[in-house]
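Just so you know, these numbers come straight off a predicted model, no measurement behind them.
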Amino acid sequence: MKKKVNTIFYFILLIFLVIYLDLSLFAMTASGQMLMDGRVENRNGAVELKWKYADGALESGSLAGVRIYRLRDGDEMAYRVEPLLLIEDVGTDSRLKVSDLKNGSRVIFVGQAYDKEGKEFETMVLFGFPGSRAKDTPPKVKNVYTASGPHAIGVFWDPLEEVNIAGYDIFRRRADETDFVPVGHVKKVAGMSSKHSGAVLQGVLPEIQPTMFRDKSILPGVSYVYQVRAVDVDGKPGPGVESGPANWETARSPRPEEVLLLVRKGSRDSLSVAQHYAERRGVPAENILELNLPPYEQGLKHQIIDDIREHLLENNLAGKIRVIVPCYGIQLRLEGRALDSMLMDLFDRYTWGRVMGTPNPLFGRDEHFDPTWGLYLVSRLDGPNVEIAKSLVDKAMTAEKSVTPKSGSAFFVRENHGEDAFKIAQRLGITAVLEDRLFTSSNMVPDDTMWFFAWGHDYEKPIRSGQWPVGSVAAYLKSNTLARINRPKSETWVQGLLETGVTGTFGAVIEPYVQGYTRGDIFFERLWDAKSSFAESYCMGTPTVRWAMSAVGDPLYALKF
C-alpha cells in the first residue's frame with residue numbers, strides 16, 4: 001500500500017512541475033501537435049526537409065515560425081561547443097534545402113516551433129542521409145582487408161556513399177575451397193541502444209554502422225578468404241570483392257614488425273628518434289613513414305590521416321600494423337582533438353560519439369590487444385628534447401631485464417579510482433601509499449616510488465627529491481596535462497615527469513572532462529598483470545577514442561615476471 005501511495009504522490013508531483021515550469025508545454029499538449037508529417041528527401045551532397053502544419057496552427061496565433069538546427073556530434077563536438085547549430089529561421093515556410101553535406105553521412109536536424117515571444121515550445125527531429133544514387137546495381141566496395149585476433153577475424157572495407165545502399169553481405173570460404181558461403185550482413189544504418197560505454201551515454205539514434213565484420217565462427221589452423229558485396233534497398237547485390245587469406249591468431253602483445261613509426265619529413269631530430277627506436281627494437285626500416293607536415297606551431301589538417309591510411313592500404317599493411325608511433329616533433333593536436341586519439345581510430349570506424357569522443361570498445365578489457373575491432377595502439381616517442389625522446393626506449397629495454405611490479409612502491413591519491421588502484425596493489429603484493437593531500441615542499445613522494453597516479457593542482461615543480469627510477473610510470477589527472485611538451489620551463493605534468501626521468505606517462509592535450517581521462521587503476525592493473533605492454537595497458541584504461549588523451553613512452557615496454 002505504501003508503495004502505491006508513493007507512486008501516486010510522485011506522479012502528481014511530476015504533473016505539477018510540468019505545469020509550473022513550462023505552461024506552454026501544457027498548452028501544446030492540450031491543443032495538439034502543430035508540426036506534422038516531417039520527412040527528408042536525400043540528395044547528392046544535400047537534403048531537403050519538409051513538414052506540414054496542423055489544421056489551424058498558423059491561424060491560431062500561437063505559432064510564429066520554425067527554427068531549423070543541426071545537431072553537432074562525432075568529431076564536431078568538443079569542450080564548450082554548443083550541440084545545436086542554427087541553420088535557418090524559416091518562419092512559417094514548410095521546407096528547407098540544406099547543402100554542402102558529406103555523402104554517406106548521417107545528419108540530425110531539429111525543428112523548433114516558436115511563439116510570438118520567440119519561445120520554443122515544440123520539437124521535430126529529422127534524420128538525413130545525403131548521397132548519390134547507384135544506377136542498376138551497387139558498385140564494388142573498395143579496400144577490403146582483414147585482421148586476425150584471438151576471438152575472431154576482422155573484415156574491413158570502405159563505406160559506399162550511395163544513398164540507396166542498404167548494407168553489405170559478407171561471405172567466406174576456406175582457402176583450399178572454391179565456394180563462398182554467407183556468414184554475415186552489416187546494415188548501413190542501425191539504431192543504437194542507450195547504455196553506458198566508456199565515458200559517454202549514447203541515445204537511441206540511427207547511426208551509420210562501421211564497415212567491419214568480426215567473424216567469430218572461425219577455427220584454429222584454418223585459412224579463410226572473405227568476400228564483401230554491397231546490397232541496395234531493393235535487395236540487388238553488387239560485385240563481390242575478395243580479401244587475402246586470413247587465420248586465427250593466439251592472444252599476444254604486438255611485435256616490432258607490427259610497429260609503424262611516423263616522422264616529420266625534413267626533421268633530422270624526428271628521424272633520428274625513429275631510427276634509434278627501430279635499431280633498438282628491431283623494427284624494419286621500411287616501417288618508418290615520413291610525412292609532410294606544417295611547422296610545429298601551426299595546426300595539423302586531416303591530410304595526415306589520409307596519408308597514413310593510403311600508406312597502409314597501398315603496402316598491404318592495414319591489417320598487419322598494430323602500433324602507430326608519432327616520433328619527436330609531431331604536433332599533439334588535430335583539429336581540436338588529440339592526434340594520437342584520432343590515430344587509434346585511423347579508419348573512422350567509431351565516429352558517432354557525442355561530447356567526449358566515442359566509447360573505446362577495448363576499454364576495461366583484461367586481455368591482449370585485439371586488432372579485429374579495427375583500432376590501433378598509439379604511443380608517442382616525444383619529450384622536451386630529442387635526448388629524452390630517444391631515452392624512452394633505452395630505459396624501457398633496461399627495465400625489461402629486471403624491473404617487476406614489486407621493484408618499487410605505488411603512490412595514489414585518495415579518490416574512487418585511486419582507492420581502487422591502492423587495493424589492486426595490495427592484492428598483488430605491491431607496497432602502496434594512499435594519500436589525500438596535494439603536493440608541497442614538505443609532501444614529496446617517497447624515494448622508492450615507481451608507480452604513480454594522482455590528481456589535484458597544476459604542475460609547479462618536481463614532486464620527488466631525485467630522478468624517477470628506470471622503468472617507472474607516472475601520470476596525473478588534470479586538465480591539459482599534455483597541452484605542451486617542449487617549453488623552456490615545464491608547465492605541464494607530462495613535460496615535468498619526462499624531465500625527471502619517467503619511462504612512461506600519459507596526459508590530456510585538451511580538456512578531457514574527468515570521465516574522459518585514462519583510468520589509473522585499470523592502466524596499472526593491466527601493466528602489472530604479466531600480460532600487457534605499456535601501449536596495451538594505456539588502451540584498455542582509456543574510455544574514449546577520437547578525443548583528448550595521448551601516451552608517451554615505448555609502446556612495447558613490458559615488465560619482467
Check: Between F453 and F412, does a ring pair (Phe, Tyr, Trp, His ring centres under 6.0 Å) hold up when you go through it step by step?
Finding: CA-CA 5 Å; F453 186 78; F412 303 107; 7.4 Å; no
Checklist line | Worked verdict on L334 versus I305 for side chain to side chain contact (heavy atoms under 4.5 Å, CB included) | finding: CA-CA 9 Å; L334 171 64; I305 299 291; 3.7 Å; yes
Checklist line | Verdict with supporting geometry, R214 and D370, salt bridge (Lys or Arg N to Asp or Glu O under 4.0 Å) | finding: CA-CA 11 Å; R214 297 181 70 245; D370 185 348; 3.3 Å; yes
Next item on the list: Evaluate the criterion side chain to side chain donor-acceptor pair (under 3.5 Å) for residue pair T211 and R349; output intermediate values, then yes/no.
Entry: CA-CA 7 Å; T211 47; R349 308 292 175 196; 3.1 Å; yes
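Scanning all heavy atoms of the two residues, the minimum distance from V552 to D382 falls at CG1-O, 3.6 Å. Minimum interatomic distance between R281 and A396 (heavy atoms only, all atoms of both residues): NH2-CB, 4.1 Å. Residues T358 and T351 approach most closely at OG1-C, 3.9 Å, considering heavy atoms. Scanning all heavy atoms of the two residues, the minimum distance from P555 to S379 falls at CB-CB, 4.0 Å. The minimum heavy-atom distance linking W451 with G471 is given by the pair CZ3-O, 3.4 Å. Between K560 and T404, the shortest heavy-atom contact is O-CG2, 3.3 Å.
Between H457 and W493, a ring centre-to-centre spacing shorter than 6.0 Å is recorded. Taking the six-membered ring for Trp and the full ring otherwise, the centers of F534 and F523 sit less than 6.0 Å from each other. F156 has its ring centre no less than 6.0 Å from the ring centre of F213. Taking the centre of each ring, Y476 and Y517 stay at or above the 6.0 Å mark.
Within 6.0 Å of CD in Q298 there are more than 12 heavy atoms belonging to other residues, nucleotides or ligands.
A donor-acceptor pair is defined here as one N or O able to donate and one able to accept, closer than 3.5 Å; no such pair exists between the side chain of R546 and the backbone of L343. A donor-acceptor distance shorter than 3.5 angstrom exists from the side chain of K531 to the backbone of D366, with no hydrogens or angles considered. Put simply, the side chain of K395 gets close to the backbone of V502: a donor and an acceptor are under 3.5 Å apart. Side chain of E511 to backbone of Y513: a donor-acceptor contact under 3.5 angstrom is found. The backbone N or O of A152 lies less than 3.5 Å from no partner atom in the side chain of T372, so there is not a single donor-acceptor pair. A donor-acceptor pair under 3.5 Å is absent between the side-chain atoms of Q331 and the main chain of R333, judged by distance alone. Formation of a donor-acceptor pair under 3.5 Å by the N480 side chain with backbone atoms of A483 is not found in this model. Counting only distance, with no hydrogens or angles, the side chain of N315 and the backbone of L317 share no donor-acceptor pair below 3.5 Å. Under a 3.5 Å cut-off, the side chain of S267 and the backbone N or O of R264 do not form any donor-acceptor pair.
Taking 4.0 Å as the cut-off between side-chain N and carboxylate O, E435 and R414 do not count as a salt-bridged pair. Looking at E367 and R526, no side-chain N of the basic residue comes within less than 4.0 Å of a carboxylate O on the acidic one, giving no salt bridge. Salt bridge present: D348 and R309 bring a charged side-chain N and a carboxylate O closer than 4.0 Å. With respect to the salt-bridge test (charged N to carboxylate O, under 4.0 angstrom), the residues E290 and R268 do not qualify. Using a 4.0 Å cut-off between a side-chain N of Lys or Arg and a carboxylate O of Asp or Glu, D158 and K142 do not qualify as a salt bridge.
Using modelled atom types, one finds no donor on one side chain facing an acceptor on the other under 3.5 Å when comparing H302 with E335. Judged purely by distance below 3.5 Å, without hydrogens or angles, the side chains of N247 and Y224 never pair a donor atom with an acceptor atom.
Distance CZ/F369 to SG/C539: 6.0 Å, rounded to 0.5 Å. Taken from CE in M549 to CG in L482, the straight-line distance is 8.0 Å, to the nearest 0.5 Å. Taken to the nearest 0.5 Å, the CG atom of N360 stands 9.0 Å off from the CZ atom of R365.
No side-chain heavy atom of Y145 sits under 4.5 Å from any side-chain heavy atom of W157. The side-chain heavy atoms of E499 and I388, taken from C-beta on, include a pair separated by under 4.5 Å. Within the 4.5 Å cutoff, side-chain heavy atoms of L392 are placed close to those of L498. You'll find the side chain of V283 reaches within 4.5 Å of the side chain of L261, heavy atoms only. In this structure, S533 and H368 have side chains that are not in contact, with every pair of non-hydrogen atoms separated by 4.5 Å or more. With a 4.5 Å cut-off on side-chain heavy atoms, V386 and S272 count as touching. Here the side chains of E536 and S253 are in contact, with some heavy-atom distance below 4.5 Å. No side-chain heavy atom of S409 sits less than 4.5 Å from a side-chain heavy atom of I430.
Legend: residues meeting side chain to side chain contact (heavy atoms under 4.5 Å, CB included) with Q426, ordered by chain and number and at least two apart, are F422.
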